[in-house]
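Because only heavy atoms are used, hydrogens play no part in the values below, and waters and symmetry mates are left out as well, while side chains stay in. Below, chain A is the first sequence line, B the second, and so on; all start at residue 1.
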Amino acid sequence: MTSPFIEVKHLVYRYPDGTLALDDINLTIDEGEMITFIGQNGSGKTTFSKCLNGLFKPTGGDVIVDGHNSKTTPIVEMVRRVGYVFQNPDHQLFNSTCWDEIAYGPRNIQLAEEEVKERVEEAAHVVGLDKSYFKEHPFFLPKGLRQRVAIASILALRPRVIIVDEPTTGQDAQQSREIMDFLVELNEEHGHAIIIITHDMPIVARYAKRVVALGRGHILADGPTAEVFSHPEILAQTFIEPPQITQLAQRTQDQGFSPGTLTVEEMIAQYQQLTRT
Amino acid sequence: MENQLNQEELTAEQIWELQPGEKRSVGVIHIVLLALLIGIGFVVGAFGSISFPLGFGVNFFWTGIAVQQVGAIWFGAWGVLAASIFPFFSNAISGTPFYVSLAYIPANAVQAFLPAWAFRYYKADPRLKSTRDYLILLAAMIVSSAFGALYSPLVVLKGFGLLTAESVPLFIWGWFGGNVVAGIVFNFILLKALSGVVIRTPSFVKKWWA
Amino acid sequence: MSAVIEIKDYTWRYLYSPNPALENINLTVHQGEFIGIIGPNGSGKTTLAYSLNGLIPGQYHGIKQGGIKVLGKDVESYPTGALQKSVGVVFSDPEAQFTTMTVEDELVFGMENLGMSIPEIRERLEWVVELTDLSPLMLKPPYEISGGQKQRVALAAVLAMRPPIMVLDEPTSMLDPISRRRIFEVLAKLKREQRNTIIVIEHSLENLVPLADRMVLLHNSHLLLEGETRQFFEQMDLLLEKGLFPPGIMQFFHYLKQQGRYDGYLPVTVAEAAEKLTSLLEPAQEGKQ
Amino acid sequence: MHKTLLGYVPDQSPIYAIHPFVKVYFLLIVSLFPLFITAPEWNFFIMLFTLALMWYSRVDVKILRIYAPMAISMGFIILLSYTVLGGVHPEYRLLTKPLGIPIYWERIRDATVVYFRILPMIATMVFFLSTSRERDVIVAMRSVKIPFVITYVFAMALRSAGMVLEDFGIVRQAEQARGFDPAGKSLAYKIRKYIMYMVPLFALSLRRTEEFTNALIARGYAFTGKASKVKRADYVLTHYTFRALDGVLVGIITITFIAILVLRYGFGYFGLDDSWFIIWAQSAL
């Protein structure tokens, strides 16, 4: 049996000012997984993600990615394996054209210009960024597109794992679904493992396969979405409550609904089942 | 500021001239701008002062110049004000005594004022569209930094007895070079990258105050 | 009930922009109403919020037609700083609204701008801190507290000015579900106890819907739909078509209605929905036995 | 330790009982002392006094570690300026001539004087930065009735500096996350790093101006017109009282300053000629 792609063992992380952010985290992530990290503001989701790609070095314990321990591996090596898309695209757009922006990563890892070109075109294609934007300044683009450029710029490094921090904050329902559909496509058709950090429970219910709930530096729950959402008392510890449709199903368990109901469609299907005569 | 892809191009003249019916007045936004410029200058300037120090707030490569000159080109007198004030903070962090910073004010003000004046007077395009724009910027940078470089070591450092007459040239060249080189590196990039957006925002200052 | 906001044939186009951000809007809001405004990004929601407290046309250049009256007076006829006493706006990004070094200064800032005296300020400070549960944070820098606390501070800072009309533009966009619910609990309290007129712009409808008396849908700069909350959601198909997703429980009951299995109002809270669903199923299950 | 923009200040300190105005007054006036004092031992005493105050205020002495290299490099530059770059002066007393560079007594003396003048000025600055929160400066400014807009710009500038610093940290991480690795690279490569920071930092600040402005207006702040003339309650001042002790301290600082001026210009004290340190050094070298 092959070992998991990312292995986190007894990870402890303290901020430079001494605050304990992560306390004894153990987790494994396989290639091609689709995971969401949930938890209240300040629960350690972002810090944990930054430990996964080596931006933060563990204070204790180990993060091993594809056989490389983040403590001893240079960050350049780490980011080639685990890409991290920051929440605010404005923090990560440094260049004056979209082309340079996407090419920035591959150039940093000193690829030949031909290879850089190939990767830029591929990444732009995957995120659906039209060639006509290549010469535009990323700062001029609307937020949705800036986010796509940011994702493309990470894709160009061809990491096996991509972490996306709060991709749906500030987006409307339609835009959120478009972004999520796109991430699912990356996961299913291109085989990247995707980790999504989010507060948006209807989105989690609809898209997540595995949910990791973090609270006060610990993993409170880890499992399939329906299972994690079946324990509202655990989620409440980290200020999460399941979407209303799940809450409705939980309150009507006696009538035969499953506490792990995630979407309206599932609710309807169960209703049909229950009322079939 | 969001979607500005399909808009007609402004000419350099239009950028600086008031359009018919255009009303501009000083408002809260300028106060905010002033504060933000001081804030960014504080950080960026301190960064330069700590990274490449020559002493007494003089550096081989002073990143703060970009905030001074680009800030004043975009935001007129507010940029000049910010440029005069923020070195206080950034120098303090790098250990420059209070009264030395106070005495630097004229040098910092001129360094910010001159490029801003040149762009307005010669109607140069802040997006740097032509060779002329580049030349005007470069000339303004050189002249203003030369003033700063001469004034500060001679008047301030000599005045405080920090330097001997013979070592003044080193500090003059240090100040001058530190500003011009950093200016060349940053001013061009910032103006080229962001002017197109800035001139369309309500914060852009056409005259001196609004 | 008297009208506190009257929007008549209102159109606004930003300078440098080819299309109007709002076109031909007509809307009247009455004293004490709680209004929810929904719509996709770019539909003009934020422009509407700006138009209500004078940021438009004060801060932005553009072309305006029609007019907006607040408390019977045209917004443009208010002198600088006066309209803000009547209309308080809370923006979505709390970080970008903090302008001071401590939570306390943040809450006091607006009251000082209104020229209030120290005893008045002290009294209101106590009230608002109690209401929003901020007392342990008073001396902390507002940008170092958690996201939920930040958004409560942003709300409290405007509440302290006691504007009779409150406009909240995505006040919970960055929050976890329970912090989000708490913000809405504060709004519910205001609605109950203070009789404020409250207008909330939100993407996330689950908390908004139980509180709103009336809902408004903006789409492509137009007011597309408006109505009493439960009636508004009867137009489920239109909402879904426009890319808005009403709360799951409403969608579920809408389905039941379509199937002819239910014929009441759409429930707005989980408790209400659970009760209705139980009573719907009980006879069915009895029938099975 | 309590983090401020300017570093860490102690959680508890006897200095917090003192009105913020006194701290600012101390910085402004005591920084002036060395300008009127030539004798190094007196300036050295002022520095020691300030450091003692820091110790008394329970400042973590680790703060000095940040400033020590700065103070040392400054001393080195002054020494260099006065010796190697000092030129040829046959009229001075030659001490030694390593590698053909003349080192004169007068130059060493002047360098020492200047250096000991700078040290207490730095010390007062460090003392101030390590015992004052941002709010102290604002309270000090408001309590002497400095116009609100100036106080406010100052406060907001500090606030925005904090935001820029935070952005700066994230931008740096974003750069690393894209495989940027300055280790062992050329200077040009490192300078590129600075360029890369600048654009997002500016862009973020510009985006924020609009939001900040809207928030200020929404809180009823006006810079022009009738609403700007409103009388402000200055609520923050109710947390501070100017006590008798504060008055005494201001008095002591003022009297000391006047005394220094009188002693210096009326009686010729603190000069070079009667500095025992200089006399001792002259005979020793």
Proximal component of [X], with respect to chain B [non-hydrogen, under 4.5 Å]:
{"X": "D/Phe154", "answer": "side chain"}
{"X": "D/Leu201", "answer": "both"}
{"X": "D/Val113", "answer": "neither"}
{"X": "D/Leu80", "answer": "neither"}

Axial cation check for D/Phe148 ring with D/Arg232, 6.0 Å and 45° limits: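 Geometry flag: set, cation within 6.0 Å and 45°.
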
Salt bridge present between D/Arg208 and D/Asp167 (N-O < 4.0 angstrom): yes

Pick whichever of [options] has the most heavy-atom pairs under 4.5 Å with chain B.
{"options": "D/Thr209, D/Leu35, D/Val126, D/Asp110", "result": "D/Thr209"}
{"options": "D/Leu32, D/Ile217, D/Asn214", "result": "D/Leu32"}
{"options": "D/Phe168, D/Phe212, D/Tyr82, D/Tyr115", "result": "D/Tyr82"}

D/Thr124-D/Ser31 side chain donor-acceptor pair, cut-off 3.5 Å: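 Indeed, the side chains of D/Thr124 and D/Ser31 share at least one donor-acceptor pair under 3.5 Å.
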
Side-chain donor-acceptor pairs under 3.5 Å in residues 64-73 of chain B, sequence neighbours left out?
unit_1  : atom_1 : unit_2   : atom_2 : d
B/Gln68 : OE1    : B/Gln111 : NE2    : 3.0
B/Gln68 : NE2    : B/Ala83  : O      : 3.2
B/Gln68 : NE2    : B/Asn108 : OD1    : 3.0
B/Gln69 : OE1    : B/Asn187 : ND2    : 2.8
B/Gln69 : NE2    : B/Gln111 : O      : 3.2
B/Gln69 : NE2    : B/Ser144 : OG     : 3.3

Residue, of B/Ile40, B/Leu102, B/Val26, B/Ile38, that accumulates the most heavy atom pairs under 4.5 Å with chain D: B/Ile40

D/Phe270 ring center within less than 6.0 Å of D/Phe36 ring center: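 Here the rings of D/Phe270 and D/Phe36 have centres that are no less than 6.0 Å from each other.
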
B/Trp173, CH2: over 12 other non-hydrogen atoms inside 6.0 angstrom: no

Side chain / backbone / both / neither for B/Phe188 at chain D, heavy atoms under 4.5 Å: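 B/Phe188 has no heavy atom closer than 4.5 Å to chain D.
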
Contacting moiety of B/Val28, where chain D heavy atoms sit under 4.5 Å: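 Both parts, backbone and side chain.
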
Validation row: B/Ile142, B/Phe176 side chains within 4.5 angstrom (heavy atoms): yes

